[in-house]
Amino acid sequence: MPSFRYAASQIIIHWLVAAAIFFLLITGTFILAELPNTPEKIGNLRIHMLVGAVVALLVITRIVLKRSKPAAPPVKGQALARIGHVALNLVVLLLAVSGMVLALQSGALQAVFGSGALPADFMEFTPRIVHGLASKVLIALVAVHVLAALYHQFIVKDRLLARMGLGSKQ
Ligand code: HEM
């Protein structure tokens, strides 16, 4: 039974990022991608871009914090978990970078935070294709991540969720 628990800062960042990514994936897929690029869309894009940029900063902070702290003790399936966690971080950072390049290249950054019109269609820009594909990969990775955590908690019964502040650790 692991009795390890991450530092409070790590736990808070983890759940903030989880909530923000859930918000970005749902609103990005079902609202942003469906709306025509009229001026009414600018408010939605502003929230999306700001939350996306904050997510990138939080993920980088968590990676730095994790490197400066003693490593968590290994669990069953450690190698797979490591690959999954590295992939999650990389894909989130790819989303942030492709989103920022898209915003710059398409003129959306100027339209959203300054003045000017949105492009007729974001799909004309390669970073938009990368952003859309990466969002689908992230949905799959998050699903595997959640299922793996539930497998540990309820099948292996090693109280793994306590590491992230959920439930008792002994
Ligand atoms: C880091 C986490 C991020 C996530 C999880 C995320 C997620 C998404 C999703 C799911 C979509 C819709 C994709 C589709 O269904 O094809 C989308 C679209 C978009 N995102 Fe992000 N995004 C992130 C960061 C950013 C950032 C930092 C920016 C810009 C600064 C950005 C700008 C955009 C733009 C301009 C669109 C296109 C909207 C459209 O097609 O009308 N995103 N994003």
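Atom set for the values below is all heavy atoms of this structure, side chains included, hydrogens, waters and symmetry mates excluded. Counting convention: from 1, in listed order, for ligands and their atoms alike.
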Q: Considering only non-hydrogen protein atoms, determine which one is nearest to atom 26 (C) of ligand 1 and report residue, atom name and distance to 0.1 Å.
A: Gly99 CA, 3.9 Å
Between side-chain atoms of residues 73-94 and protein atoms elsewhere (two or more places apart, or another chain), which donor-acceptor pairs fall under 3.5 Å?
unit_1 : atom_1 : unit_2 : atom_2 : d
Lys76  : NZ     : Tyr151 : OH     : 3.2
Gln78  : OE1    : Val75  : N      : 3.0
His85  : ND1    : Ala81  : O      : 3.3

Q | Which of the ligand 1 atoms, numbered from 1, are nearer than 4.0 Å to a heavy atom of Leu32 | A | 39 (C), 41 (O)
Q | Joint cluster assignment, Phe122 & Leu35, ILVMFWY side-chain distance < 4.5 Å | A | no
Q.
Among all protein heavy atoms in this structure, tell me which lies nearest to atom 38 (C) of ligand 1, with the distance rounded to 0.1 Å.
A. Phe122 CD1, 3.9 Å
Q. Among all protein non-hydrogen atoms, which one is nearest to atom 36 (C) of ligand 1, and what is the separation to 0.1 Å?
A. Leu102 CD2, 4.1 Å
Q. When you check the side-chain N and O atoms of Gln10 and Arg62, is any donor under 3.5 Å from an acceptor?
A. yes
Q) Within less than 4.0 angstrom of ligand 1, does Thr29 place any heavy atom? A) yes
Q. Quick one: nearest non-hydrogen protein atom to atom 12 (C) of ligand 1, plus distance?
A. Gly28 O, 3.2 Å
(Q) Among the N/O/S atoms of His48, which is closest to atom 21 (Fe) of ligand 1? Give the atom name. (A) NE2
Q: Please tell me if the side chains of Pro36 and Lys41 come closer than 4.5 Å, counting only heavy atoms from C-beta onward.
A: no
Q: Under 4.0 Å from a heavy atom of Gly132: give me the atoms of ligand 1 that qualify, with their elements.
A: 16 (O)
**Q.** Minimum non-hydrogen distance to atom 18 (C) of ligand 1, winning option of Lys136, Lys41, His131
**A.** His131
Q) In terms of residue, atom name and distance, what is the protein heavy atom nearest to atom 2 (C) of ligand 1? A) Leu24 CD1, 3.5 Å
Q: For residues Leu65 and Tyr6, determine if any side-chain heavy atom of one lies less than 4.5 Å from a side-chain heavy atom of the other.
A: no
Contacts table for residues 127-137: side-chain donor-acceptor under 3.5 angstrom, sequence neighbours left out:
unit_1 : atom_1 : unit_2 : atom_2 : d
His131 : ND1    : Leu95  : O      : 3.0
His131 : ND1    : Ser98  : OG     : 2.9
His131 : ND1    : Gly99  : N      : 3.4
Ser135 : OG     : Gly132 : O      : 2.7

